[in-house]
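The model shown is predicted, which means the values in this text are computed figures rather than measured ones. Heavy atoms only: backbone and side chains are in, while hydrogens, waters and symmetry mates are out.
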Amino acid sequence: SDLAIRFATVREAIERADTTLDGAFDSSLSRYVFPPPTFTPEAEMASKRALTDTRVAQPALGAVETGALHLLKELGVSPSMTAGHSYGEYVALHAAGVFDEDTLLKLSAARGRVIFESAGETPGTMAAVSAGRDIVTSLTASIDGVWIANVNAPAQTILAGTEEGLAEAAKIFKARGIEADRIPVACAFHSPLVADARNRLAEVLAAIRFSEPSIPVYSNTSASSYPRCATEMTDLLARHLVEPVRFLEEIDAMYAAGARVFVEVGPKSVLTSLTRSILGTRPHVAIALDAGGGGISSLLAALAQLAIAGVALDVRTLFKGRGCRRIDLSKLRSETIRKPLPATTWFMNGAKAWPAGDEAPVSGHGRLEAWAATSHATPPVASATLSSDDQVMVEFQRVMSKALDVQRSIMMAYLGEPLRDTVSTSGLPTTTAIPEQRPPVVPLPAVIANPVTPVVEVNRDVVGQLVSIVAERTGYPAEL
């Protein structure tokens with residue numbers, strides 16, 4: 001969200017998606033991408049479910065990734081070739097100019113809708129297996145309703161299939177010590193279980209005008225670059241929904257074509273990890289825009305890696321609206337020295353205003369703070385230079401200070417400290433002399449019975465008690 005706040009090009013891409021898909025969902029698309037804050041686990045889970053609904057997730061990915069593409073373009077980063085993973089292939093085709101942004105968003109929404117409507121009561125599911133294609137194929141060959149959906153890396157294969165089929169496969173993998181985890185998906189993508197969706201999607205694709213790609217776009221289905229013929233592109237993209245994603249072979253093909261710097265545009269950094277796993281020790285750089293927590297810090301880290309890899313950048317967009325300027329390092333001191341303020345400049349705070357050429361006036365409150373740092377025994381006499389309001393405040397502060405001193409002496413005497421013979425009242429108002437009044441001394445009656453001297457334990461740790469009370473009342477730790 002901070003990229004959308006900081007960079008207008010990202011924000012505007014999401015706003016355009018709201019306009020293009022107005023009325024397609026119960027709320028605007030941006031409200032799913034950036035939902036209101038939640039305050040309960042149930043509300044948070046409901047918000048996540050709404051976003052990951054395939055009808056919403058696909059156009060949401062399209063809007064966010066398109067915004068990231070625009071931002072990269074502003075920063076001077078343009079691809080020599082593109083590829084995607086599953087739905088990401090649609091964004092890769094858009095990045096190569098095969099169709100425009102509005103078409104991408106409408107096509108994304110249509111793809112999500114036909115998949116959802118075609119799933120029916122047996123949509124199937126998917127599982128990630130920590131093993132290569134050959135091992136997974138051999139172990140699942142005898143299981144009905146299970147297909148290879150993605151070949152992601154040398155040691156990761158994705159299965160799609162029925163609930164029963166994947167449950168049986170999971171038992172086999174567990175017996176062999178192979179990890180297999182279910183993936184929360186809407187249906188069994190890239191398998192025959194979504195064949196009905198493929199036919200309906202083909203009708204949608206047939207109505208779209210495809211342009212020749214301006215750069216090579218690599219296909220999940222063929223693991224090679226897309227054909228330039230619109231009809232062949234349409235057919236390949238329709239097959240894409242039901243045939244396996246050959247990501248491992250696709251990355252190998254791109255590497256063979258000269259790709260050395262791979263930039264992942266989209267949420268998280270899964271594809272970056274897969275690419276590194278595929279290429280191994282072969283010279284390459286794989287960078288994710290959304291690694292390490294995402295946001296601006298991840299973007300800057302990615303740009304730094306691109307710069308190190310020799311990619312030319314245009315970083316001016318990073319400094320827009322920040323009051324930055326170029327400086328001549330040979331004139332660093334003269335160019336960065338603080339310039340004098342105009343003669344018409346005024347300063348102001350919550351109480352006063354004064355010209356820039358004058359010293360800041362000290363209010364009565366400021367004088368009281370200064371006097372508080374000195375001894376209470378020698379309080380300053382109100383100066384004739386003080387205003388009448390300031391004199392009132394000074395007198396009030398002096399009286400209150402002496403009153404607190406008296407209270408402290410009495411409390412300390414109660415807790416066992418000998419009471420001072422006199423409590424200084426030199427700071428109190430002396431307009432009228434009031435003689436000290438002492439109560440008459442009343443003799444105590446004689447005690448006839450054997451007295452039992454009570455033992456009174458006085459807790460002298462006043463500060464400790466006060467801290468405990470404050471901690472109990474406020475909830476702050478006593479250590480603070």
Side-chain angles (χ1 to χ4, degrees), residues 37 39 322-323 336-444 454-480:
F39 302 99
R322 296 175 61 185
T336 58
I337 193 170
R338 187 172 180 177
K339 302 295 189 296
L341 295 170
T344 55
T345 302
W346 278 66
F347 293 113
M348 61 188 301
N349 57 25
K352 304 285 184 179
W354 64 97
D358 294 353
E359 292 186 6
V362 181
S363 65
H365 176 67
R367 292 188 179 90
L368 292 176
E369 288 182 345
W371 294 339
T374 64
S375 171
H376 285 295
T378 58
V381 179
S383 170
T385 60
L386 291 178
S387 67
S388 59
D389 290 343
D390 286 349
Q391 289 184 26
V392 170
M393 292 304 299
V394 168
E395 193 66 18
F396 173 78
Q397 181 70 12
R398 201 149 52 90
V399 171
M400 292 302 298
S401 176
K402 302 309 293 185
L404 290 173
D405 191 42
V406 172
Q407 291 181 15
R408 178 185 180 280
S409 298
I410 295 172
M411 181 60 71
M412 295 305 295
Y414 172 77
L415 295 174
E417 180 178 301
L419 182 64
R420 289 177 288 177
D421 292 337
T422 61
V423 176
S424 173
T425 59
S426 60
L428 295 175
T430 56
T431 304
T432 303
I434 302 176
E436 183 178 5
Q437 300 294 327
R438 295 182 177 272
V441 178
V442 179
L444 295 174
V455 178
V456 180
E457 295 185 4
V458 179
N459 186 350
R460 300 176 184 273
D461 185 14
V462 181
V463 175
Q465 286 184 331
L466 291 175
V467 170
S468 298
I469 292 171
V470 172
E472 179 183 353
R473 301 290 188 202
T474 65
Y476 287 105
E479 294 76 10
L480 295 179

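- With Ser401 contributing its side chain and Arg398 its backbone, the two residues share no donor-acceptor pair below 3.5 Å.
- Summarising the geometry of Trp354 relative to Trp346, their closest heavy-atom pair is C-CE3, 3.3 Å, with the distance given to 0.1 Å.
- Rounded to the nearest 0.5 angstrom, Arg408 CZ and Ile410 CD1 are separated by 12.0 Å.
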